[in-house]
Participant: 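Provided herewith is a single structure, encoded as structure tokens, for subsequent inquiry.
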Amino acid sequence: MKFSEELKLENEDIFTLIKNHPFVEGIGKGILSVDAVRHYVQADYAYLNGFMKTIGSAIGNANHRNDIAYFSALMQFSLHDEIQAHLCFCEYINVNYEDLQGQPLPPTGDHYVKHMMYHAQTGTTGEAISALLPCPWTYYEIGKYLNETWQVSDNHPFQIWIQCYANTKQDVEEMCERLDEHARHASEKEKASMKIAFRKSCQLEYLFWEMAMSTEEWPSLKEDINNE
Ligand SMILES: Cc1ncc(CN)c(N)n1
């Protein structure tokens, strides 16, 4: 069995939790709370910046030119293509995209970016790919699942969002192949680290949806004090 197939099998529980998450269900139904969508886009804009910076760190640690070329191509999707997914949500809540940019990451998003960055800075290229892979992989699974489950017609409010990710099969397969190539040359110890990095990223993907749904914020009394 390929290493990527092993990872999928071992983390099927989290993939299922993600597909059944109320935010994901809301995308399928075409009904989501405005606050949750606003919170998601604000956090995801900052998260994608962190994701791309993590790729930058992985490039800094890479020993092979083909990995550098791969990482640079991987960055393009987040930098360009995902804007349409965000704009789809912005249209739904009738808010300018620019107004949702530049916000700090809420606790879960902050933890997720730092987790990926840790593996990119301290681990091997295989470990960095393991930490980064759940981002494209879980979204591809969500897009595919929603496309198969709901009638996603032209007038579905989240059609563009769903198609954006449902069409990424090839990208995910390519990333899995790259991971499998690294796993073939990895020691048992390195493969164990890769598995930990992958599972935590899957779990943080789930928690990111929770974060948006609960509009998670850093705890503080300061606003209350300022408002008194
Ligand atoms: C948190 C998160 N995870 C994954 C993706 C899909 N690239 C995303 N936009 N945001």
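One-based numbering, in listed order, for ligands and for the atoms of each. Since the model is a prediction, treat every value here as computed from it, not as a measurement.
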Participant: Assess, by modelled atom type and distance only, whether the side chains of N155 and S153 contain a donor and an acceptor separated by less than 3.5 Å.
Facilitator: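 Result is yes, a qualifying pair exists.
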Participant: Could you state the interatomic distance from OG1 (T168) to CD (E174), rounded to the nearest 0.5 Å?
Facilitator: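 With rounding to 0.5 Å, OG1 (T168) is 12.0 Å from CD (E174).
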Participant: Could you list the donor-acceptor pairs under 3.5 angstrom formed by side chains in residues 158-167, with sequence neighbours left out?
Facilitator:
from: Q159; atom 1: NE2; to: D154; atom 2: OD1; distance (Å): 3.1
from: Q163; atom 1: NE2; to: N147; atom 2: OD1; distance (Å): 3.3
from: Y165; atom 1: OH; to: E82; atom 2: OE1; distance (Å): 2.4
from: N167; atom 1: ND2; to: Q163; atom 2: O; distance (Å): 3.1

Participant: Do the charged groups of K8 and E141 touch, with an N to O distance under 4.0 Å?
Facilitator: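 Here K8 pairs with E141 in a salt bridge, since their nearest N and O are under 4.0 Å apart.
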Participant: Who's the nearest protein heavy-atom neighbour of atom 10 (N) of ligand 1, and how far?
Facilitator: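 The answer is D44 OD1, 2.6 Å.
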Participant: Using ring-ring contact (aromatic ring centres under 6.0 Å, His included) as the criterion, list what pairs up with Y206, not counting sequence neighbours.
Facilitator: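 Partners of Y206 under the ring-ring contact (aromatic ring centres under 6.0 Å, His included) test: H21.
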Participant: Could you list the atoms of ligand 1 found under 4.0 angstrom from a heavy atom of Y165?
Facilitator: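 Per the distance check, 6 (C), 9 (N).
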Participant: Is T138 touching ligand 1 with its side chain, its backbone, both, or neither, if touching means heavy atoms under 4.0 Å apart?
Facilitator: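 The answer is neither.
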Participant: Need the ligand 1 atom indices (1-based, order shown) with element for anything under 4.0 Å from a heavy-atom of L48.
Facilitator: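 Answer for ligand 1: 9 (N).
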Participant: For atom 3 (N) of ligand 1, find the nearest protein heavy atom and state the residue, atom name and distance (0.1 Å precision).
Facilitator: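 Sorting protein heavy atoms by distance from atom 3 (N) of ligand 1 puts E205 OE2, 2.7 Å first.
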Participant: Within ligand 1, which atoms have a heavy atom of F208 less than 4.0 Å away?
Facilitator: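 Here the atoms of ligand 1 in question are 1 (C).
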Participant: Can you tell me if S201 and H115 form a side-chain donor-acceptor pair at under 3.5 Å?
Facilitator: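 Yes - a donor-acceptor pair under 3.5 Å links their side chains.
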Participant: Name the closest protein heavy atom to atom 7 (N) of ligand 1, giving the residue it belongs to and the distance to 0.1 Å.
Facilitator: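 Minimum-distance protein heavy atom for atom 7 (N) of ligand 1 reads E82 OE1, 2.9 Å.
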